[in-house]
Amino acid sequence: MSAPSPAGGRGPLNRTQRRGALERAAERTYDVVVVGGGVTGCGVALDAASRGLSVLLVEQHDLAAGTSRWSSKLVHGGLRYLASGHVGVAHESARERHLLMTRIAPHLVAPMPTLVPLGRDVGRRQGALIRLGVTAGDVLRRSARTPSSLLPRPRRIGAAATLRLAPGLAADGLRGGVLSHDGRLEDDARLVVTLARTAAAAGADVVTRARVDELDAERVTLTDTLTGERLTVRARTVVNSTGVWADRHDDRITVLPSRGSHLVLPAAAVGSPRAALTVPLPGSTSRFLLVLPRPDDQVLVGLTDEPAPGVDPLEPPVPEADEQLLLEGVSRALRSPVTSADVVGRFAGLRPLVVRDDKPSADVSREHLLLDEPGRPLTIAGGKLTTYRRMAQDTVDAVARRLGRGGECRTATLPLLGAAEAADLAHVAAPARLVRRFGTLAPEVAALSARHPWLADPIAPGSATTGAELAYGVLEEGALTVDDLLARRTRTTFDPAAAEAAVPVAERVLATFDTEVTAAAPGRPTPGAR
């Protein structure tokens, strides 16, 4: 089930590939130039390349540098949108979840039990509404044809079963819980990187650290921020897919960023739950916070949804008020409260809500907006991570109409690099952690440790990440800096102390393998070859 490539390639991204892409960009006219290397832009690049169009993807920072790495790491089935009356968006979310879990990226998206504890803050009427809601969510699952063997039907469970799943919950007043299942994403940044690599395997050129200074319907002027060189790239179509930056390139819209905040805690601080917890915020019947188990014995606690004008889109801070709201909210449901002393990391993301003509076009329903006017670049904005593929399909359909060619979308049945069915993934000869992150490509990562034993060591005390993952990021995944490696190819920066300790290892990896890549002849280097 590995992803097909018209050229039979594997989609390596590295300095050699980047240099070649810039040389081609100076000479050719692309069918499509995509501006923005988040999940939507990478999805557009893959969709267009898989239809046989020539594609250049440019990103001013790094892949997944903005909103796409700050999500809750969930692939939602649309229950939230169904509850607010947005039936179309809910159905679309459930269908896209199905495709990701069964075909596109089953190595990155797995079933996750989700538990709503019926504790003292949840009255019987609210409990009944919760059960009704998850039942409606199961209708979405069935409408998307996701089998119950993958996402089991929701059910009411007793207090003892609830505590087995979440031992840290307060037992006093606990009547049980409502158990359902949704999709858990191993790593949102890894999804974006894998999309970009799969696009490259299909023939797309990918260039990061390329700031777009000007764009119109047929050209993009960019600056290589590594060298300062300016370049004008010709295109038959230009797509603006820059997320929270979209209105900087299109004056027809206004982006209103909305902040979602998350805290990173040791799993033991909340009782090492085996299921995600959905906890109603005190005093509200419609706002919930999430406690999400993560790999490497961590949990995320999130999220709020607040307007955030004028905030840095790359590294939005978590306000003290958000942190206290999250800590106090989750503590009400726990046997032992958590405090700021338990927090090992914090992050926030800005969701790009879009207004056009003074009307919300991508409000809490998370509907996306595609602007397609003759003589202007296409702009795709709004939306959410789960539905990135549909956003990309709509965008490339518009590109195909402009070009008069491009054929039908293939991405609903196109596996990403590393994808395989669960039975096949279970037999991949590599550690389970690597299989979750790299799928069938995990043996390539493991092989680096066999060639260079120092890469087998953890990059920081208590970290599960090894140097081999960093080396693979340089050789195959386009990592150019220490921050690329620690913040996006791995998520070491979730724990700032671990990230600080890992810097010397990342620097050594870059010095070793960057030299190897740049010295190699054009084409795919053999990972770890000397």
Side-chain angles (χ1 to χ4, degrees), residues 72-119 122-167 169 174-186 273-280 285-286 288-294 299 333 366 384-387 390 412 421-423 425-426 436:
S72 298
K73 324 297 182 259
L74 297 176
V75 175
H76 280 300
L79 175 59
R80 171 186 175 187
Y81 314 110
L82 187 66
S84 59
H86 297 94
V87 178
V89 177
H91 184 269
E92 181 178 271
S93 297
R95 181 174 184 273
E96 295 303 318
R97 178 184 65 181
H98 173 83
L99 295 175
L100 280 162
M101 297 186 75
T102 61
R103 182 70 181 178
I104 296 172
H107 58 314
L108 296 177
V109 185
M112 179 183 66
T114 301
L115 179 65
V116 184
L118 302 178
V122 181
R124 296 191 179 276
R125 181 176 180 275
Q126 188 178 11
L129 290 174
I130 290 169
R131 293 185 64 184
L132 180 63
V134 297
T135 300
D138 195 55
V139 173
L140 291 174
R141 173 193 63 81
R142 285 180 280 152
S143 72
R145 300 187 177 181
T146 306
S148 58
S149 58
L150 184 62
L151 293 178
R153 296 182 177 90
R155 57 193 176 96
R156 173 78 152 78
I157 61 175
T162 298
L163 290 171
R164 283 194 293 271
L165 286 173
L169 289 172
L174 184 67
R175 307 190 305 277
V178 179
L179 180 65
S180 61
H181 287 75
D182 211 337
R184 178 186 64 81
L185 185 59
E186 173 72 16
R274 295 163 47 205
L277 303 179
T278 301
V279 180
T285 60
S286 59
F288 297 81
L289 61 84
L290 303 175
V291 180
L292 305 170
R294 296 294 305 155
V299 296
R366 306 309 297 277
K384 60 197 186 75
L385 184 144
T386 301
T387 59
R390 182 67 211 198
E421 295 179 357
L425 290 172
R436 291 200 319 267

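Predicted, not measured: the structure shown is a model, and the values here were computed from it. Only this structure's heavy atoms are used, side chains among them; waters, hydrogens and symmetry mates stay out.
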Donor-acceptor contacts, no H, no angles, side chain residues 87-94, under 3.5 Å, sequence neighbours left out:
residue : atom : partner : partner atom : Å
S93     : OG   : V89     : O            : 3.0
S93     : OG   : K384    : NZ           : 2.8

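- Of the candidates L179, V178, L118, L174, T162 forms a side-chain contact (heavy atoms from CB on, under 4.5 Å) with just one, namely L174.
- I157 places a side-chain heavy atom less than 4.5 Å from the side chain of L165.
- Between the side chain of S180 and the main chain of V134, no donor-acceptor pair closer than 3.5 Å is present.
- A heavy-atom distance below 4.5 Å is not found between the side chains of M101 and P106.
- Looking at every heavy atom in both residues, P117 comes nearest to V122 through O-CG2, 3.7 Å.
- In this structure, the side chain of R274 engages the main chain of R164 through a donor-acceptor pair within 3.5 Å.
- The two atoms that bring Q126 and P280 nearest to each other are NE2-CB, 3.9 Å, heavy atoms only.
- With a 4.5 Å cut-off on side-chain heavy atoms, L151 and D182 do not count as touching.
- For the atom pair NE2 (H181) and CG (D138), the distance works out to 11.0 Å, reported to the nearest 0.5 Å.
- Judged as a side chain to side chain donor-acceptor pair (under 3.5 Å), and not counting sequence neighbours, R131 has no contacts.
- In this structure, NE2 on H76 lies 13.0 Å from CG on L140, to the nearest 0.5 angstrom.
- The heavy-atom pair separating V75 from T386 by the smallest distance is CA-OG1, 3.6 Å.
- Between the side chain of R184 and the backbone N or O of L292 there is no donor-acceptor pair closer than 3.5 Å.
- Annotation: side-chain hydrogen bond (donor to acceptor under 3.5 Å, both in side chains) contacts involving residues 145-155, sequence neighbours excluded, comprise H98-T146.
- Taking all atoms of both residues into account, the shortest heavy-atom contact from P293 to P273 is CG-O, 3.7 Å.
- Using a 4.5 Å heavy-atom cutoff, the side chains of H107 and E186 are not in contact.
- Smallest separation of non-hydrogen atoms from L277 and A166: CD2-CB, 3.7 Å.
- Between R175 and G123, the shortest heavy-atom contact is NH2-O, 3.7 Å.
- Between L74 and L290, the closest side-chain pair of non-hydrogen atoms falls below 4.5 Å.
- Going from atom CG of L100 over to atom CD of E96 covers 7.0 Å, rounded to the nearest 0.5 Å.
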